[in-house]
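First the structure, in the form of structure tokens, and then the observations on it.
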Amino acid sequence: MNLWPTQSRQPMREAWTLECLQFECSLALGCAIESTTAAAYDSHLNSYLNFCRLHHRDVEPTEDTLSFFVVWLSHHIEPHSVNLYLSGIVNHLENHFPHVRQVRTSLLVTRTLKGCKRRLSQPVRRKQPLTLADLALVVDTLASSNSYDDILFVTLLVTGFKTLQHLAELCWPNAKKHQSYRKVPLRHTLTFTSTSASYTLPHHKSSTLGVGYEILLLGEPNARVDPLRLLESSFRRSRFPGYCHLRL
């Protein structure tokens, strides 16, 4: 088939070398999955490989092998979590066994997983939610402390509660492979007003647009716990004012 350019004007673009295309493609593939998700997928694959080793089965995924794995794993963990394991296994094995996604969605595997959920699932046991009284108790206990760590802990607790942020969005992770300045708020984005404070969360793994979120923390001067006052106090008492992290 011969396709000729249309009359629409195209901007002048330079051709890339094969090495440049391969390099940029590898970077894009590396950013497709967050490092924390990739670490979980590694653990899921290890569970599958361990199952195959224990039961002397080939690692090539078949309907029988995956259905046996589902039954075996459902007796060790909550069956509703097995679906996440299958996602990790598919992600790792798809390059080596292109049919693994079809096997994963086969009738035998899906019905086996559904049966394990009905037979082996346990009632959900949720933790008691934090209340304003709980926050007030923590603040009354630690807010008057001279320890910077105590003030920082109270600030993180109250700020996360008021802005609905996860712990990973408030703190610098210990694992170096998960550390990224794209995932934590930075000091230069923090802005105070008389009634509020705001800062930018540069990136979130659920965001596919490459843009962050603007976090707004409102002051509550008449409340028992004022999150704005706590944030201002911890910001002034920071031991590392020269660092770019908002909290350290």
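Everything quoted here is computed from the prediction, not taken from an experiment.
Counted by atom type alone, His44 and Ser87 present zero donor-acceptor pairs between their side chains at under 3.5 Å. Defined by atom type and a distance below 3.5 Å, a donor-acceptor pair is missing between the side-chain atoms of Asn50 and Ser47.
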Worked verdict on Glu78 versus Val124 for side-chain contact (heavy atoms from CB on, under 4.5 Å): CA-CA 10 Å; Glu78 168 58 41; Val124 177; over 6 Å; no
Audit row: Ser74, Ile77, side-chain contact (heavy atoms from CB on, under 4.5 Å) steps and yes/no: CA-CA 5 Å; Ser74 295; Ile77 67 172; over 6 Å; no
Where do Leu130 and Leu157 land on the side-chain contact (heavy atoms from CB on, under 4.5 Å) test, with the steps shown first? CA-CA 10 Å; Leu130 281 174; Leu157 178 63; 3.8 Å; yes
Derivation of the side-chain contact (heavy atoms from CB on, under 4.5 Å) call for Leu113 and Val82: CA-CA 8 Å; Leu113 179 57; Val82 176; 3.9 Å; yes
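Hydrophobic clustering (side-chain heavy atoms under 4.5 Å, transitive across Ile, Leu, Val, Met, Phe, Trp, Tyr) groups Leu230 together with Phe153. In terms of hydrophobic clustering, with Ile, Leu, Val, Met, Phe, Trp and Tyr side chains grouped at heavy-atom distances under 4.5 Å, Phe235 and Tyr148 are assigned to a common cluster. Linking Ile, Leu, Val, Met, Phe, Trp and Tyr whenever their side-chain heavy atoms come within less than 4.5 Å leaves Leu152 and Val139 in two separate clusters. One hydrophobic cluster, built from ILVMFWY side chains closer than 4.5 Å, holds both Leu45 and Leu54. Tyr41 is not connected to Leu93 by any chain of hydrophobic side-chain contacts under 4.5 Å among Ile, Leu, Val, Met, Phe, Trp and Tyr, and they are in different clusters.
Considering every non-hydrogen atom in both Leu170 and Leu156, the closest pair reads CD1-O, 3.7 Å. For the pair Val225 and Ala136, the tightest heavy-atom approach, listed with the atom from each and the gap, is CG2-CA, 3.6 Å. Of all heavy-atom pairs between Val103 and Pro61, the closest is CG2-O, 3.9 Å. The two atoms that bring Ile89 and Tyr48 nearest to each other are CD1-CB, 3.5 Å, heavy atoms only. Taking each heavy atom of Asp226 and Pro221 in turn, the nearest pair found is OD2-CA, 3.7 Å. Of all the heavy atoms in Val100 and Glu94, the pair that sits closest is CG1-CA, 3.6 Å.
In this structure, Phe69 and Tyr85 have tilted ring planes: the angle between them lies in the 30° to 60° band. Using the six-membered ring where Trp is involved, Trp72 and Phe51 have ring planes that are tilted, between 30° and 60° apart.
The one candidate from His92, Gln102, Glu60 that meets the side chain to side chain contact (heavy atoms under 4.5 Å, CB included) condition with Phe97 is Glu60.
To the nearest 0.5 Å, atom CG of residue Leu108 and atom CG of residue Asp64 are 6.0 Å apart. Taking CZ of Phe68 as the start and OG1 of Thr112 as the end, the distance is 8.5 Å to the nearest 0.5 Å. Distance CG/Leu218 to OG1/Thr195: 7.0 Å, rounded to 0.5 Å. Within the model, atoms OG1 of Thr110 and CG of Asn83 stand 10.5 Å from one another, a figure rounded to the nearest 0.5 Å. Atom OG1 in Thr200 sits 7.5 Å away from atom NE2 in His188 (nearest 0.5 Å). Once rounded to the nearest 0.5 Å, the distance linking CD of Glu232 with CG of Leu217 reads 9.5 Å.
Using a 4.5 Å heavy-atom cutoff, the side chains of Ile151 and Ser234 are in contact. Thr163 is not listed as a side-chain neighbour of Tyr213, based on a closest heavy-atom distance of 4.5 Å or more. Between Ile215 and Pro185, the closest side-chain pair of non-hydrogen atoms is not below 4.5 Å. Side-chain contact between Ser196 and Leu216 is present, with at least one heavy-atom pair separated by less than 4.5 Å. Within the 4.5 Å cutoff, the side chain of Val138 has no heavy atoms near those of the Leu135 side chain.
A donor-acceptor pair is defined here as one N or O able to donate and one able to accept, closer than 3.5 Å; no such pair exists between the side chain of Ser121 and the backbone of Arg118.
Within a 6.0 Å sphere centred on CZ of Arg57, other residues, nucleotides and ligands contribute more than 12 heavy atoms. Residue Asn174 places its CG atom among 12 or fewer non-hydrogen atoms of other residues, nucleotides or ligands, all under 6.0 Å distant.
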